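A short worksheet on the structure shown next.
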Amino acid sequence: MPTYIVLLGPPGVGKGTQAKLIAESTGLPHISSGDLFRENIKNETGLGKLAQSFMNKGELVPDDVTIRMIRERLSRPDCKGGALLDGFPRTTVQAVALVGLLAEFDGIVNYVPYITSSEPILIERLSGRWTCKAQGHIFHEKYNPPQKAGVCDFDGSQLYQRDDDRAETVIRRIQVYFAQTAPLITYYRERGLLSEIDGAQPVGKVNADLLSILRQ
Ligand code: AP5
Ligand code: MG
């Protein structure tokens, strides 16, 4: 049976940071809906243009195009043994669609680690985040600084600050999270899949807590 993990949590809590670490230790492919949209924006595709108009405002991209994009990604051979989903699902419609998508690959959602934190911490993390242009490696100017400012430790590419990490967009993303994504906490808790993790801890401690959940 393949293993599918859904990483749940507000913007800036550390989903991407943890997903990269779990992908390394489990070998599961890391599928980030945000990264897939940013890849499309970089390649100037039709989907990228559409997604950008929502992302710049801190709003969610419509469910139908998002679900189609994830379906295509999950159908690739590297997801045969499962996958680590970061940022999808983000609405109840997406969560219900995911059940159908995984059924096509004889899979179910096995784990939903829910990483929590307070709003001031989220804002501080997003405002100090620097992301690698080539592969999306994640740094923080205070908590996880690169060895050389502006340069990725892993591939030497340039670091940039995401457009949607501007203060006003961050506030909107957090509002959208509480209105549209937070209902998934109850959705997955009712299905016995949710495990809560304190995301205010240092990266290594959050990772240790996550791995212990995945071993259960
Ligand atoms: P997406 O890219 O998914 O953004 P997000 O959910 O807002 O989350 P972030 O990537 O901002 O934060 P993160 O939790 O990954 O934190 P990170 O590890 O980087 O989505 C962007 C947009 O795309 C959405 O707004 C929407 O428009 C669209 N979209 C995406 N998916 C969609 C969907 N399914 N449906 C519709 N629309 C969708 O960490 C943040 C910072 O904190 C970093 O600097 C990091 O170094 C630092 N840090 C991490 N952990 C710690 C720690 N423990 N201690 C100290 N610092 C830490
Ligand atoms: Mg992320």
Side-chain angles (χ1 to χ4, degrees), residues 6-23 30-41 47-48 50-71 73-74 84-95 97-98 101 113-118 120-132 136-146 152-153 159-166 169-182 184 197-210:
V6 168
L7 267 188
L8 199 60
V13 79
K15 300 182 298 296
T17 300
Q18 294 299 331
K20 286 192 191 302
L21 295 172
I22 304 171
H30 169 202
I31 300 179
S32 155
S33 42
D35 285 353
L36 291 172
F37 285 133
R38 282 183 285 277
E39 192 64 30
N40 274 280
I41 292 171
L47 173 60
L50 175 80
Q52 191 166 31
S53 64
F54 291 92
M55 290 167 78
N56 283 348
K57 290 183 286 188
E59 304 293 337
L60 295 185
V61 179
D63 284 330
D64 56 344
V65 287
T66 305
I67 292 165
R68 224 177 299 134
M69 175 180 78
I70 293 294
R71 182 174 192 279
R73 181 63 189 88
L74 284 173
L84 177 56
L85 291 163
D86 156 14
F88 182 93
R90 244 182 168 88
T91 62
T92 307
V93 170
Q94 292 179 16
L98 181 61
L101 292 186
Y114 163 43
I115 313 178
T116 64
S117 195
S118 68
I121 291 182
L122 301 177
I123 292 170
E124 194 201 8
R125 286 188 184 171
L126 292 174
S127 58
R129 172 168 59 190
W130 288 82
T131 307
C132 140
H137 294 111
I138 302 163
F139 298 87
H140 190 280
E141 55 197 29
K142 183 167 158 195
Y143 299 113
N144 179 25
C152 178
D153 289 351
L159 301 180
Y160 75 104
Q161 290 198 287
R162 273 171 43 181
D163 285 343
D164 60 349
D165 283 345
R166 285 187 311 260
T169 316
V170 163
I171 301 292
R172 182 63 193 144
R173 280 161 61 200
I174 293 173
Q175 287 170 344
V176 166
Y177 167 79
F178 282 112
Q180 298 187 54
T181 307
L184 295 183
I197 294 168
D198 177 7
Q201 306 175 97
V203 172
K205 184 71 179 73
V206 177
N207 190 243
D209 287 358
L210 257 167

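Counting starts at 1 for both ligands and their atoms, in listed order. The model shown is predicted, which means the values in this text are computed figures rather than measured ones.
Close approach of ligand 1 to Phe139 is summarised as follows: ligand atoms under 4.0 Å from at least one heavy atom of the residue are 43 (C), 44 (O), 46 (O). Taking a cut-off of under 4.0 Å to the non-hydrogen atoms of His140, the atoms of ligand 1 that pass are 44 (O), 46 (O). Within the listing of ligand 1, atoms 30 (C), 31 (N), 32 (C), 34 (N) sit less than 4.0 angstrom from a heavy atom of Ser33. Close approach of ligand 1 to Thr66 is summarised as follows: ligand atoms under 4.0 Å from at least one heavy atom of the residue are 33 (C), 34 (N), 35 (N), 36 (C). Ligand 1 places these atoms under 4.0 Å from at least one heavy atom of Glu59: 26 (C), 27 (O). Atoms of ligand 1 found under 4.0 Å from any heavy atom of Arg162 (numbered from 1 in listed order, with element): 1 (P), 2 (O), 4 (O), 9 (P), 10 (O), 11 (O), 21 (C). Shown in contact with Gly16 at under 4.0 Å from a heavy atom are these atoms of ligand 1, numbered in order with element: 13 (P), 15 (O), 18 (O). Against a heavy-atom cut-off of under 4.0 Å, Ile138 is close to the following atoms of ligand 1: 18 (O), 19 (O), 43 (C), 45 (C), 46 (O).
For atom 38 (C) of ligand 1, the closest non-hydrogen atom on the protein side is Phe37 CE1, 3.7 Å. Distance from atom 5 (P) of ligand 1 to its nearest protein heavy atom, with residue and atom name: Arg90 NH2, 3.2 Å. In this structure, atom 11 (O) of ligand 1 lies nearest to the protein heavy atom Arg173 NH2, 2.5 Å. When hydrogens are left out, the protein atom nearest atom 37 (N) of ligand 1 is Val61 N, 3.0 Å; that is the closest non-hydrogen contact. The nearest heavy-atom contact from the protein to atom 28 (C) of ligand 1 is Met55 CG, 3.7 Å. Among protein heavy atoms, atom 18 (O) of ligand 1 sits closest to Thr17 OG1, 2.6 Å. For atom 54 (N) of ligand 1, the closest non-hydrogen atom of the protein is Arg125 NH2, 3.2 Å. Among all non-hydrogen protein atoms, the one lying nearest atom 8 (O) of ligand 1 is Lys15 NZ, 3.2 Å.
Under the 4.0 angstrom criterion for non-hydrogen atoms, Gln201 is in contact with ligand 1. Residue Gly12 places a heavy atom under 4.0 Å from ligand 1. Ligand 1 lies less than 4.0 angstrom from a heavy atom belonging to Arg38.
At a 4.0 Å heavy-atom cut-off, ligand 1 touches Leu126 through the side chain alone. When heavy-atom distances to ligand 1 are checked against a 4.0 Å cut-off, Val176 has no atom that comes that close, whether in backbone or side chain. At a 4.0 Å heavy-atom cut-off, ligand 1 touches Pro202 through the backbone alone.
Paired with Met69 under the rule side chain to side chain contact (heavy atoms under 4.5 Å, CB included), one option of Asp64, Leu36, Val61 passes, and it is Leu36.
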Exercise for the section: Give the intermediate values and the outcome of side-chain contact (heavy atoms from CB on, under 4.5 Å) for residues Asp164 and Leu126. Expected result: CA-CA 9 Å; Asp164 60 349; Leu126 292 174; over 6 Å; no
Exercise for the section: Could you walk me through whether Thr181 and Leu8 pass side-chain contact (heavy atoms from CB on, under 4.5 Å), step by step? Expected result: CA-CA 9 Å; Thr181 307; Leu8 199 60; 4.2 Å; yes
Exercise for the section: For the pair Phe139 and Arg129, evaluate side-chain contact (heavy atoms from CB on, under 4.5 Å) and give the outcome as yes or no after the intermediate values. Expected result: CA-CA 6 Å; Phe139 298 87; Arg129 172 168 59 190; over 6 Å; no
Exercise for the section: Apply side-chain contact (heavy atoms from CB on, under 4.5 Å) to the pair Asn144 and Val203, showing each step before the final yes or no. Expected result: CA-CA 9 Å; Asn144 179 25; Val203 172; 5.8 Å; no
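Checked by distance only, ligand 1 and Gly14 come closer than 3.5 Å through their nitrogen or oxygen atoms. In terms of polar-atom proximity, defined here as any N/O pair under 3.5 Å, Gly58 makes no such contact with ligand 1. For ligand 1, the polar-atom distance check finds an N/O of Gln94 within less than 3.5 Å of one of the ligand's N/O atoms.
Within the 4.5 Å cutoff, the side chain of Leu210 has no heavy atoms near those of the Leu21 side chain. Side-chain contact between Asn56 and Thr169 is absent, with no heavy-atom pair separated by less than 4.5 Å. Within the 4.5 Å cutoff, the side chain of Arg38 has no heavy atoms near those of the Thr131 side chain. The shortest distance between side-chain heavy atoms of Leu98 and Ile67 does not fall below 4.5 Å. Contact of the Arg90 side chain with the Phe88 side chain is not registered, since no non-hydrogen atoms from C-beta on lie closer than 4.5 Å. In this structure the side chain of Ile70 never reaches within 4.5 angstrom of the side chain of Gln94, judged on heavy atoms. Considering only heavy atoms from C-beta on, His137 stays 4.5 Å or farther from Asp153 through its side chain. The closest side-chain heavy-atom distance from Leu184 to Thr92 is below 4.5 Å.
Ser118 contributes atom OG, which lies 9.0 Å from atom CD1 of Ile123 (distance to the nearest 0.5 angstrom). With values rounded to the nearest 0.5 angstrom, Gln180 atom CD is found 11.0 Å from Gln175 atom CD.
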